[in-house]
Amino acid sequence: MDKLLAIFKNVWFRRGVAVLCLGYTVLVIWIAYLCFGYYFEITNPTPLFVLYLFVNIVAMGLLILSRKQLLTQINSYFLPPIIFTIVIFGFGNWYIIIPPMVVMVVIFFANNSNETLKTVLGTLYLLMYVIGIVGFIGAQIFMGTITLTGVDLSKRDTEYEKLSESGEYRIVRYFDTIGDRKVQTYYVEETEDDIKIPLGICKKVLGCQSIYTATYESTPADLVTWITRKVDGKKEERLMVDSVERENPIPIVKKQKEEEKKAKDKKDESSSSKGLSTNLIITSTSSDSSSDSENTPQDSEQSSLE
């Protein structure tokens, strides 16, 4: 037991723990990224939450153990703004938000940094959370759901998903109420950037494209299906939307972005080449002027000798 306590008290051991705790910060950043543009589809939520809770408890213990280390003190000041992004992007998913928030509060007050600095930063972070959350809720009340993905994930039809033949795209459906009308909206999403997690999968929603919106009275009809056509000898996955054939919008948007990027790069190249040409002209003119100035005294001397 004494040897074990000696190991825990060893400064180099605690420094190593402080470095290890950076992995928790990376994990929190990754979770914030997932909350930003992904839909969580959990097959068995209870074991996953237990695992998530266990990871946060272990991280809190390691952070407290290394609380006197400078790296942990700096780490504790970076956690509040990172977890704030989880609160905003994942608002309502309290099982994701609460565990890291508890870790953040505990280590913020437990670390052995300067008390004045802790008070100042604590006040700023408290204002950030209060104003940010109140502002976010107020904006939702007056403006409706605010989301950077363009869709309200709480209205996603969890039982509806249609993969294309290649498996690269999927059709998903959302239910909403606009005034007195109930509507169903279909979107196309890419499957390439989906992320598998223990006991579930995170499906990328950011960048999805709307393809159809229609009203419905009772059970919604299946209005969108995949079809495959040969275009110029190549297979293309298209959409049959209410008996009308349409192109997949995601490749179209990608092509437009590529063309815009090429046009921008071409414009930048032409601007830099023009600037280079101007510099060459100025340099050439300066060289000619200097040559004239060098020749002028000699010409004057010859004139005087004559």
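- A donor atom on one side chain and an acceptor atom on the other are found under 3.5 Å apart for Asp242 and Tyr212.
- Placement of Tyr187 and Ile227 in two distinct hydrophobic clusters is found when ILVMFWY residues are connected by side-chain heavy-atom separations under 4.5 Å, directly or transitively.
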Self-check item: Audit row: Glu190, Arg170, salt bridge (Lys or Arg N to Asp or Glu O under 4.0 Å) steps and yes/no
Solution: CA-CA 6 Å; Glu190 283 188 284; Arg170 61 173 165 261; over 6 Å; no
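- Exactly one residue among Glu237, Glu165, Lys235 makes a side chain to side chain donor-acceptor pair (under 3.5 Å) with Thr228. That residue is Glu165.
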Quiz item: salt bridge (Lys or Arg N to Asp or Glu O under 4.0 Å) between Arg156 and Asp176: does it pass, once the steps are laid out?
Solution: CA-CA 9 Å; Arg156 187 182 179 107; Asp176 199 359; over 6 Å; no
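- Note that CG of Leu48 is 9.5 Å distant from CZ of Phe40, once rounded to the nearest 0.5 Å.
- Looking only at side-chain heavy atoms (C-beta outward), Tyr33 and Thr85 stay at 4.5 Å or farther from each other.
- Here the CZ atom belonging to Arg173 is positioned 10.5 Å from the OG1 atom belonging to Thr158, to the nearest 0.5 angstrom.
- Taking the six-membered ring where tryptophan is involved, the planes of Tyr52 and Phe49 are tilted, since the angle between them lies from 30° to 60°.
- Between Glu189 and Val205, some side-chain heavy-atom pair lies under the 4.5 Å cut-off.
- The closest side-chain heavy-atom distance from Leu239 to Trp226 is below 4.5 Å.
- Taking both residues in full, the closest heavy atoms of Gly92 and Ile97 are given as N-CD1, 4.3 Å, listed atom of the first, atom of the second, then distance.
- In terms of heavy-atom proximity, Ile64 sits nearest to Val106 at CD1-CG1, 3.9 Å.
- Ile96 approaches Cys35 most closely through the heavy-atom pair CG2-SG, 4.2 Å.
- Residues Val105 and Leu53 are members of one and the same hydrophobic cluster, defined by side-chain heavy-atom contacts under 4.5 angstrom among Ile, Leu, Val, Met, Phe, Trp and Tyr.
- Among all heavy-atom pairs drawn from Thr43 and Gly200, the shortest one is OG1-N, 4.0 Å.
- No continuous path of hydrophobic side-chain contacts links Val19 to Val28 [ILVMFWY only; heavy atoms under 4.5 Å].
- With respect to Glu269 and Lys266, no salt bridge is recorded, no charged nitrogen being found less than 4.0 Å from a carboxylate O.
- In plain terms, the two heavy atoms of Lys204 and Asp194 that are nearest each other are N-OD1, 3.0 Å.
- Other residues, nucleotides and ligands contribute only 12 or fewer heavy atoms inside 6.0 Å of the CZ atom of Phe78.
- Salt bridge present: Lys203 and Glu161 bring a charged side-chain N and a carboxylate O closer than 4.0 Å.
- Here CG of Leu34 is found 12.0 Å from CD1 of Ile29. Values are rounded to the nearest 0.5 Å.
- Donor-acceptor pairing under 3.5 Å is lacking for the side chains of Asn75 and Tyr24.
- In this structure, the side chains of Asn111 and Tyr77 come closer than 4.5 Å at one or more pairs of heavy atoms.
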Quiz item: What do the steps show when you test Val172 against Tyr186 for side chain to side chain contact (heavy atoms under 4.5 Å, CB included), and what is the final call?
Solution: CA-CA 6 Å; Val172 295; Tyr186 293 86; over 6 Å; no
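- Side-chain atoms of Tyr125 and Phe84, non-hydrogen and from C-beta on, never get closer than 4.5 Å to each other.
- Ionic pairing of Arg229 and Glu245 is present here: one or more N-O contacts between side-chain nitrogen and carboxylate oxygen are shorter than 4.0 angstrom.
- Summarising the geometry, atom CD1 belonging to Ile31 is positioned 9.5 Å from atom SG belonging to Cys202; distances are rounded to the nearest 0.5 Å.
- Note on Met101 and Phe109: same hydrophobic cluster, where clusters join Ile, Leu, Val, Met, Phe, Trp and Tyr whose side-chain heavy atoms are under 4.5 Å apart, directly or indirectly.
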Self-check item: Step-by-step salt bridge (Lys or Arg N to Asp or Glu O under 4.0 Å) determination, Glu115 to Lys118
Solution: CA-CA 5 Å; Glu115 291 299 326; Lys118 193 185 294 186; 3.6 Å; yes
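- Using cut-offs of 30° and 60° for the angle between ring planes, the Phe89 and Phe36 rings count as perpendicular.
- Taking each heavy atom of Trp94 and Pro99 in turn, the nearest pair found is O-CD, 4.1 Å.
- Ser76 is not listed as a side-chain neighbour of Leu63, based on a closest heavy-atom distance of 4.5 Å or more.
- The shortest side-chain heavy-atom distance between Pro249 and Ile211 falls under the 4.5 Å cut-off.
- The CG atom of Asn112 sits 12.0 Å away from the CG atom of Leu70 when rounded to the nearest 0.5 Å.
- Note that CE of Met128 is 9.0 Å distant from CD1 of Ile133, once rounded to the nearest 0.5 Å.
- Using a 4.5 Å cut-off on side-chain heavy atoms (C-beta onward), Thr123 and Leu126 make no contact.
- The backbone N or O of Thr72 lies less than 3.5 Å from no partner atom in the side chain of Ser66, so there is not a single donor-acceptor pair.
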